[in-house]
Protein chains: 2
Amino acid sequence: MKISNNIINCKSCVYRNLLYEMLSDEEYGLVNSSRREMIFKRNELIIQEGDEISEFMYLRKGLVKLYKTNSKGKDQILSINRPGDFINLLSIFSNKTQQYSVSVLEETHVCAVKIDTIFDLVKLNSEFSIRVMNRMSYIADEIIHKRFEINQRQVKGRVAYMLRFLAEQIYNKNEFRMPITRRELGELISMTTENTIRTMSEFRKDGIIEMEGKNVNIVDFDRLKKVCEMG
Amino acid sequence: MKISNNIINCKSCVYRNLLYEMLSDEEYGLVNSSRREMIFKRNELIIQEGDEISEFMYLRKGLVKLYKTNSKGKDQILSINRPGDFINLLSIFSNKTQQYSVSVLEETHVCAVKIDTIFDLVKLNSEFSIRVMNRMSYIADEIIHKRFEINQRQVKGRVAYMLRFLAEQIYNKNEFRMPITRRELGELISMTTENTIRTMSEFRKDGIIEMEGKNVNIVDFDRLKKVCEMG
DNA sequence: TTTTAGGTATGACATATTTCATAAAATAAG
DNA sequence: CTTATTTTATGAAATATGTCATACCTAAAA
């Protein structure tokens, strides 16, 4: 990780609308003065489960995974997050430590605002409070809903679901470079690496996708959808 | 459902400490004046996914399940909730409809406060806001953590985990009457009813539990724990 | 450049889980 | 109280998934 010294002006930030729009100039100044920006490279750890929470963090750029590690050292990925997502909002008001780990899939720029500032803003501006609650609600629903969808499918349906997610939500096109390994894909859908690889191969043999290393091209989206809906 | 006319005084309510402790007498008065109390019997539906959210609801007494229904009509239970749990707090600030259904396992008394009142309180009292966020955090973590635990186990481990949950968190004793059917237990751990039943029978044959209809007695808790930890 | 570690790939076999069938027991409905 | 429906129960067969072994490829490290 390195601290960025090329800090982009907040006025032009996407979060101005997403979270900070109701703040007065003075309140917005509080955010800026307690804010720092960091750059993380692939595989770096941004947040470790169990750490003290001292900053509220969100992505300005990049892609990360949010996950938990079990007692046997196995990871379970809860979500893939990108700019516009608040990576630790769900834990900030918990009076606990970080509940999830976050690590980097694609080079990521993180904005970090001191948590005390966030508490101050909540005290100063009730519109901001409500927006924070709104975002918490959204984040929780995203994670819970994704698990709900995954749990009712079996391997093929799960892989299809995640490929759709990547194509539709993350990259907005049918051809993309997988941001995660097959093992990580397995950790996302609670399946073994081998089965995940096998299923991808099967989709290739069936003519649903084309693959070359990490590059994936969904050539028969309708069939992918069907597999996704069948379970 | 029937409206209760024997409304218990809020001053003596467990929620006074859990959620409302920082409210002034005047603010607390707002809660009371927009509050109603309802009684639901087993299997009644308290909240239907998709309903408009007009009230903030929580249990004074009883036991409920919170669940989602998939496109094929199958339910997936996300949590079992009892007094002290806020059954729709996670959805109130979402600007959406109810995200989960809630139905009754054991006769339940529900307090319902108009959602406008909750918004007013958030605006009036920032300590209250922070407490609300704290509770949202807690609720989301509970659901997410439970799925995390369930997903890393196979049938035996899952059933063991839920039996421990019932014994340790819900009833505080090793002998209890199952508040859910085997099918519901299956919906809670994402397994078929048959497998769930089979696993319970196996635990009985192995001398881990005694069973008679819905009555369960965990006679070898150590072994149940071991099964739970093995996965 | 060579070495090393991790990622992708696939087969064969073991195990876990679902599905389908059937039946007794318990509970709800008339 | 009788009848219908749901719940619990179990077996056998089909299917899905995990495990172990092995190989090759790729990217990072020495």
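Keep in mind the model is a prediction, meaning the values are calculated, not measured.
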> Between Gln152(B) (CD) and dG18(D) (P), how many Å, whole number?
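Rounded to whole Å, this separation is 14 Å.
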> Nearest whole Å is fine: how far is dT5(D) C1' from Arg183(B) CZ?
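Going from CZ in Arg183(B) over to C1' in dT5(D) covers 12 Å.
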> Below 4.0 angstrom, N of the basic side chain to O of the carboxylate: do Arg183(B) and Glu187(B) qualify?
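A salt bridge is present here (some side-chain N lies under 4.0 Å from a carboxylate O).
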> Round to a whole Å and report the spacing from CG of Asn151(A) to C1' of dA16(D).
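One finds 16 Å between C1' of dA16(D) and CG of Asn151(A), rounded.
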> Starting from C1' on dT10(D), measure out to CE on Met211(B) and report it in whole angstrom.
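After rounding, the reported distance stands at 12 Å.
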> If I take atom CD in residue Glu202(A) and atom P in nucleotide dA9(C), what distance separates them, rounded to the nearest angstrom?
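Going from CD in Glu202(A) over to P in dA9(C) covers 14 Å.
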> On DNA chain C, nearest-nucleotide positions of Arg42(B) versus Lys205(A): which is more 5'?
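Looking at the nearest nucleotide for each, Lys205(A) comes out on the 5' side.
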> Whether the side chain of Arg204(A) engages the backbone of Met211(A) through a donor-acceptor N/O pair (distance < 3.5 Å, no angle test) should be reported.
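Judged by distance alone, no pair lies under 3.5 Å.
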> With sequence neighbours left out, write down each residue that passes ring pair (Phe, Tyr, Trp, His ring centres under 6.0 Å) with Phe176(B), or none if nothing qualifies.
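Counting only residues at least two positions away or on another chain, Phe176(B) forms a ring pair (Phe, Tyr, Trp, His ring centres under 6.0 Å) with Tyr171(B).
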> So, applying side-chain contact (heavy atoms from CB on, under 4.5 Å) with Val102(A), which one of Leu45(A), Leu59(A), Ile47(A) is it?
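That would be Ile47(A); it is the only one of Leu45(A), Leu59(A), Ile47(A) passing the side-chain contact (heavy atoms from CB on, under 4.5 Å) with Val102(A).
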> May I ask you to decide if Tyr138(B)'s main-chain N or O and Asp141(B)'s side chain share a donor-acceptor pair within less than 3.5 Å?
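No: the side chain of Asp141(B) does not pair with the backbone of Tyr138(B).
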> Closest to the Glu194(A) side chain: dT18(C), dT19(D), dT7(D)?
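Ranking dT18(C), dT19(D), dT7(D) by closest atom to the Glu194(A) side chain puts dT19(D) first.
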> Taking the nucleotide of DNA chain C with the nearest heavy atom to each, does Gln154(A) or Ser201(A) sit closer to the 5' end?
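Between the two, 5'-proximity favours Ser201(A).
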> Would you classify Arg158(A) as touching base, sugar-phosphate or nothing, given that sugar-phosphate means primed atoms plus P, OP1 and OP2, and contacts are heavy atoms under 4.0 Å?
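Contact class for Arg158(A): none.
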> State whether Thr192(A) places a side-chain N or O below 4.0 Å from either non-bridging phosphate oxygen (OP1 or OP2) of dT17(D).
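False: Thr192(A) side-chain N/O out of range (4.0 Å or more) of dT17(D) OP1/OP2.
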> For the side chain of Arg182(B), counting heavy atoms from C-beta on, which of dA9(D), dT8(C), dT18(C) is nearest?
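Between dA9(D), dT8(C), dT18(C), the one nearest the side chain of Arg182(B) would be dA9(D).
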> Quick check for you: among dT17(D), dA12(D), dT10(C), whose closest atom lies nearest to any side-chain atom of Arg198(B)?
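Ranking dT17(D), dA12(D), dT10(C) by closest atom to the Arg198(B) side chain puts dA12(D) first.
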> Could you state the atom-to-atom distance from CG of Asn195(B) to P of dA12(D) in whole Å?
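The answer, rounded to whole Å, is 16 Å.
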> Would you mind reading off the distance between Arg177(A) atom CZ and dG7(C) atom C1', rounded to a whole angstrom?
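Distance check: Arg177(A) CZ to dG7(C) C1' gives 12 Å.
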> Rounded to whole Å, how long is the line connecting atom CZ of Phe203(A) with atom P of dA9(C)?
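Distance check: Phe203(A) CZ to dA9(C) P gives 14 Å.
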> Measure from the side chain of Lys214(A), starting at C-beta and using heavy atoms only, and say which of dT27(C), dG18(D), dT8(C) lies closest.
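Selected nucleotide: dT8(C).
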> Quick one: label Met191(B) by what it contacts on the DNA or RNA (base, sugar-phosphate, nothing), any heavy atom closer than 4.0 Å.
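The residue Met191(B) makes sugar-phosphate contact but no base contact.
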> Under 4.0 Å between any heavy atoms, over every strand shown, what does Arg204(B) touch: base, sugar-phosphate, or nothing? Just pick one.
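Answer is sugar-phosphate: Arg204(B) comes under 4.0 Å of backbone atoms only.
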> Between dT10(D), dT27(C), dT10(C), spot the one nearest the side chain of Ile197(B), thanks.
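The answer is dT10(D), which lies nearest to the side chain.
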